[in-house]
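Below is one structure; the comments refer to it alone.
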Amino acid sequence: MENPYRTKNCGELTEKNIGEMVKIAGWTNSIRLLGGLCFITIRDEFGVTQVIIPNESMIKGINKECVISVEGKVIERISKNKNMATGDIEIEAKKIELLGDCKPVLPFEVMQSEQTKEDVRLKYRFLDLRNPLVHSKIKLRSNVLHFVRNKFHDLNFTEVQTPILTASSPEGARDFIVPSRLNSGKFYALPQAPQQFKQLLMASGFNKYFQIAPCFRDEDPRADRSPGEFYQIDLEMSFSTQEEVLQVVENVVSSTFAQFSNKSISKSPFSRISYSQAMETYCSDKPDTRNPLTVCDVTDVFIATEFSIFKNKTIKAIVAPANNKPRKFFDDLTKVIVKYEGKGLAYVKVTEEGVIGSVVKNLSQQELKNLLSKTNAKIGETIFIIAEEKTKAIKLAGVLRNTLGKELELINNNLFNFVWVLDFPFFELDDENKLAFSHNPFSMPQGGLNSLEAKDPLSIVAYQYDLVLNGVELASGAVRNSNPMLMKKVFKMAGYEDDVVETKFSALYNAFQYGVPPHAGLALGFDRIIMFLTDSEVIRDVIAFPLNGMAQDLLLNAPNTVTQKQLDDVNIQIKKVIK
RNA sequence: GGUUCGGUAGUUCAGUUGGUUAGAACGCCAGCCUGUCACGCUGGAGGUCGUGGGUUCGAGCCCCAUCCGAAUCGCCA
């Protein structure tokens with residue numbers, strides 16, 4: 001039976017359909033009254049089609065964004081529009097039916113919604129999403145989901161849905177908690193990641209697992225970080241090595257980016273760099289490898305300096321072609337450093353006449369000579385120098401490298417440059433100078449028990465790897481520690497009581513005593529992948545119904561108060577209402 | 001929690017040193033217009049200048065407080 005609303009969509013009619021009687025339905029995109037003659041265009045997800053209205057009374061009461069169904073004959077246009085996919089034809093309306101009325105004054109013009117303030121767009125997200133430019137990003141997200149899912153099924157991964165109502169994890173980000181009615185006074189936590197479940201799946205005999213998994217973290221947002229919830233492509237493989245995980249992920253990532261983007265992609269195998277090498281060369285564990293600048297450690301050049309600002313400091317230098325930049329350029333850079341709580345930024349310019357700059361007079365001839373030879377700076381280049389306590393110097397040098405790369409336009413925006421960062425340290429020192437897990441207590445220390453017993457703990461590295469794309473951490477994973485004895489050992493080294501593993505991680509600890517295969521895995525930030533593929537600066541653009549910066553849903557008005565009955569059910573009393 | 005920028009018509013914005021009735025564009029309403037496609041022309045409606053207090057003869061503008069939005073730092077194993 002024929003659909004009562006439409007027989008064709010708004011994107012498919014061409015010259016071939018001339019003469020046919022058709023019905024199309026959609027939103028009124030524009031209305032143009034030319035006196036005795038009038039045109040309207042109808043938009044749906046597939047495109048826009050023009051309708052010619054022989055009698056103006058036929059569209060009485062119809063305004064923009066009304067949903068209508070138009071029945072009529074496809075005719076050739078007298079004046080064609082080359083900028084329109086359906087620009088050769090139009091429909092001569094015989095009958096118009098109003099299916100969904102629309103208020104005459106809209107909160108914003110649909111076709112210009114991207115120019116509107118974001119809180120208004122979010123409140124009327126259904127209107128915003130009618131804009132083809134906005135709409136297409138969510139469509140692309142759907143296509144990528146489909147593609148990735150198929151890809152993993154083709155690779156014989158099993159898709160498993162893990163619980164949303166689960167237990168609070170003892171480390172990591174702040175949990176979202178959900179009160180339990182049946183267990184008065186107790187709470188679920190929403191998963192920050194399906195980490196423990198996927199490892200349990202390995203113990204359950206699932207050979208390879210994947211899931212496009214919702215993850216929840218109650219932390220403040222950023223432009224590229226959604227408040228509250230986000231999605232990961234989560235995977236885990238049994239009897240697997242690091243190398244095998246890396247290969248699978250490269251396969252999926254390369255094919256996905258090739259399928260959905262026209263930009264060039266770094267060839268597989270992606271380049272690899274150790275964590276320590278990345279920190280040395282780029283002062284970052286997520287370097288933007290499109291940026292040609294590198295960081296040079298010049299601490300030893302100033303080891304005996306008389307210059308108080310450089311004395312007893314870790315000193316990092318970056319050489320960049322910035323000599324001809326105006327004073328403001330250097331002042332702005334300094335502001336960036338100060339924003340990151342740095343004391344300042346020194347710089348010297350290498351010119352035909354020698355080395356100039358405000359700090360030059362404080363440095364000895366020998367120091368300047370050594371600085372030039374160590375950094376290999378050439379005439380026309382500026383040496384930027386950061387002198388701080390070690391951790392801060394590294395951080396600021398990383399910030400400076402990114403800022404210089406951007407401001408000096410050294411970055412190829414048409415390239416996806418992937419790099420693996422490998423061999424993350426297993427331990428680090430915390431604020432109190434005590435040994436702590438640097439990433440993930442579940443990853444396998446390289447060298448196993450031997451290195452735990454014999455090596456300096458800070459020199460032990462883990463089978464822990466990140467996939468970095470253009471300076472963004474796109475994925476993180478590890479070979480897991482599946483040995484209960486080793487688990488206890490590393491927790492003990494990190495200063496935890498003997499029973500912490502048994503109590504806090506009882507599920508894993510128990511399961512691993514009943515035969516678990518060695519396993520490894522990784523999780524990719526799905527929303528960030530879509531950001532890259534749609535060239536979006538803001539993560540909200542790739543989410544159909546995003547929360548605002550205060551983690552509020554302006555459309556459904558969440559979070560909201562609940563009734564006293566609901567509170568009573570879960571035995572909760574609100575202490576005080578903070579407005 | 002800190003910092004920066006912002007909040008004026010439905011939307012995007014302008015608003016001079018504090019001075020008459022707060023403007024523009026788009027949108028909306030009415031009229032005109034037979035090939036438009038960002039249609040055009042004429043006219044019109046539309047404002048608690050985020051909110052509260054203060055200074056002043058007089059506040060959109062200055063001061064204080066507060067709310068809201070965005071970015072960012074902290075935070076995000």
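Both backbone and side-chain heavy atoms feed into the values below; hydrogens, waters and symmetry mates do not. Predicted model, so just to flag it, every value in this text is computed and none were measured. Sequence lines set the chain letters: A, B, ... in the order given, protein chains first and strands last, and positions in each chain run from 1.
Across all strands shown, nothing is found opposite rA59(B) as a Watson-Crick or G-U wobble partner with both distances under 3.5 Å. rA70(B) is paired with rU4(B) under the Watson-Crick or G-U wobble criterion, all donor-acceptor distances under 3.5 Å. Look at rC75(B): it lacks any Watson-Crick or wobble partner with both distances under 3.5 angstrom. The partner of rA24(B) is rU12(B), judged by Watson-Crick or G-U wobble contacts that both fall below 3.5 Å. When both distances must be under 3.5 Å, the Watson-Crick or G-U wobble mate of rG43(B) is rC29(B).
Within the structure, every side-chain polar atom (N or O) of Arg225(A) is placed at least 4.0 Å from both OP1 and OP2 of rU72(B). In this model, the phosphate group of rG7(B) is not approached by any side-chain N or O of Lys117(A) to a distance below 4.0 Å at OP1 or OP2. Residue Lys64(A) has no polar side-chain atom (N or O) positioned under 4.0 Å from OP1 or OP2 of rA38(B). For the pair Arg32(A) and rU34(B), the criterion of a side-chain N or O lying under 4.0 Å from OP1 or OP2 is not met. Between Asn548(A) and rG69(B) there is a side-chain N or O to OP1 or OP2 distance below 4.0 Å.
One atom, CD of Gln232(A), and another, P of rC76(B), lie 16 Å apart when rounded to the nearest Å. Rounded to whole Å, the distance from CG on Leu33(A) to C1' on rC37(B) is 13 Å. In this entry the distance linking CZ of Arg121(A) with P of rG10(B) reads 20 Å, nearest Å. If you measure from atom CD1 of Ile40(A) to atom P of rC39(B), you get 13 Å, rounded to the nearest angstrom. If you take CD of Glu65(A) and P of rC28(B), they are 11 Å apart, rounded to a whole angstrom. Look at CG on Asn402(A): it is 15 Å from C1' on rU72(B), rounded to the nearest Å. For Asp220(A) and rA71(B), the CG to C1' distance is 13 Å, given to the nearest whole Å. As rounded to whole Å, 12 Å separates atom P of rC37(B) from atom CG of Leu37(A).
Only the C1' atoms considered, rC64(B) is 16 Å distant from rU56(B), to the nearest whole Å. Taking atom C1' in both rG18(B) and rG60(B), the straight-line distance is 11 Å, to the nearest Å. Going from the C1' atom of rG58(B) to that of rG19(B) covers 7 Å, rounded to whole Å. For the C1' atoms, the distance linking rG10(B) with rU3(B) amounts to 34 Å, nearest Å. rA45(B) and rU4(B) are spaced 39 Å apart, taking the C1' atom of each and rounding to whole Å. Comparing rA25(B) with rA9(B), their C1' atoms are spaced 12 Å from each other, to the whole Å. rA38(B) sits 24 Å from rA30(B) when the P atoms are compared, rounded to a whole Å. rU8(B) and rG46(B): their C1' atoms are spaced 14 Å apart (whole Å).
At a cut-off of 3.5 Å, with distance as the only test, a side-chain donor of Glu389(A) or Thr391(A) sits close to an acceptor on the other residue. Between the side chains of Asn548(A) and Glu118(A), no donor-acceptor pair of N or O atoms lies under 3.5 Å. No donor-acceptor contact under 3.5 angstrom links the side chains of Asp288(A) and Tyr282(A), judged on distance only.
Note on Lys80(A): a base of the nucleic acid sits closer than 4.0 angstrom, heavy atoms only. At a threshold of 4.0 angstrom between heavy atoms, the contacts of Arg540(A) are confined to the sugar-phosphate backbone, with no base atom among them. At a threshold of 4.0 angstrom between heavy atoms, the contacts of Leu34(A) include nucleobase atoms, whether or not backbone atoms are also involved. Among the atoms of the strands shown, only primed sugar atoms or phosphate atoms (P, OP1, OP2) are found under 4.0 Å from some heavy atom of Thr116(A). Nucleic acid contact for Gln464(A): none, since no nucleic acid atom lies under 4.0 Å from a heavy atom of the residue. Arg174(A) comes within contact range of no nucleotide atom at all, as no heavy-atom separation falls under 4.0 Å. Note on Met550(A): only backbone sugar-phosphate atoms sit closer than 4.0 angstrom, heavy atoms only; bases stay farther off.
Taking only side-chain atoms of Glu118(A), from C-beta outward, the nucleotide of rG35(B), rA70(B), rG10(B) with the closest atom is rA70(B). Across rC28(B), rG35(B), rC75(B), the shortest atom-to-atom separation from the side chain of Arg77(A) is found for rG35(B). The side chain of Ala223(A) has rA71(B) as its nearest neighbour among rA71(B), rG69(B), rC73(B). Of the candidates rC37(B), rG35(B), rG10(B), the closest approach to any side-chain atom of Val105(A) belongs to rG10(B). Of all nucleotides listed (rG27(B), rG69(B), rU11(B)), rU11(B) comes nearest to the side chain of Val120(A). Distance from the side chain of Pro104(A) is smallest for rC28(B) among the nucleotides rC28(B), rG74(B), rC37(B).
With a 4.5 Å cut-off on side-chain heavy atoms, Leu555(A) and Phe545(A) count as touching. Side-chain contact between Gln446(A) and Ser451(A) is absent, with no heavy-atom pair separated by less than 4.5 Å. Proximity of Pro425(A) to Leu458(A): side-chain heavy atoms (C-beta onward) are nowhere separated by under 4.5 Å.
Side chain Glu341(A) to base rG2(B): no donor-acceptor pair is found below 3.5 Å. Checked by distance alone, Gln112(A) brings no side-chain donor or acceptor within 3.5 Å of a matching partner on the base of rU11(B).
Contact check on Glu502(A) versus Lys488(A) returns a salt bridge, with a Lys/Arg side-chain nitrogen under 4.0 Å from an Asp/Glu carboxylate oxygen.
Relative orientation of the Phe442(A) and Phe505(A) rings is perpendicular, given thresholds of 30° and 60° on the angle between their planes. By the 30° and 60° cut-offs, the orientation of the rings of Phe426(A) relative to Phe437(A) is perpendicular.
Per the stacking criterion (ring centres < 5.5 Å, plane angle < 30°), Phe108(A) does not stack onto the base of rU11(B).
In this structure, Gln115(A) and Asn63(A) both approach RNA chain B, and ranking their closest nucleotides by distance from the 5' end singles out Gln115(A). With the nearest nucleotide of RNA chain B identified for both Asn440(A) and Ile52(A), Ile52(A) has the one nearer the 5' end.
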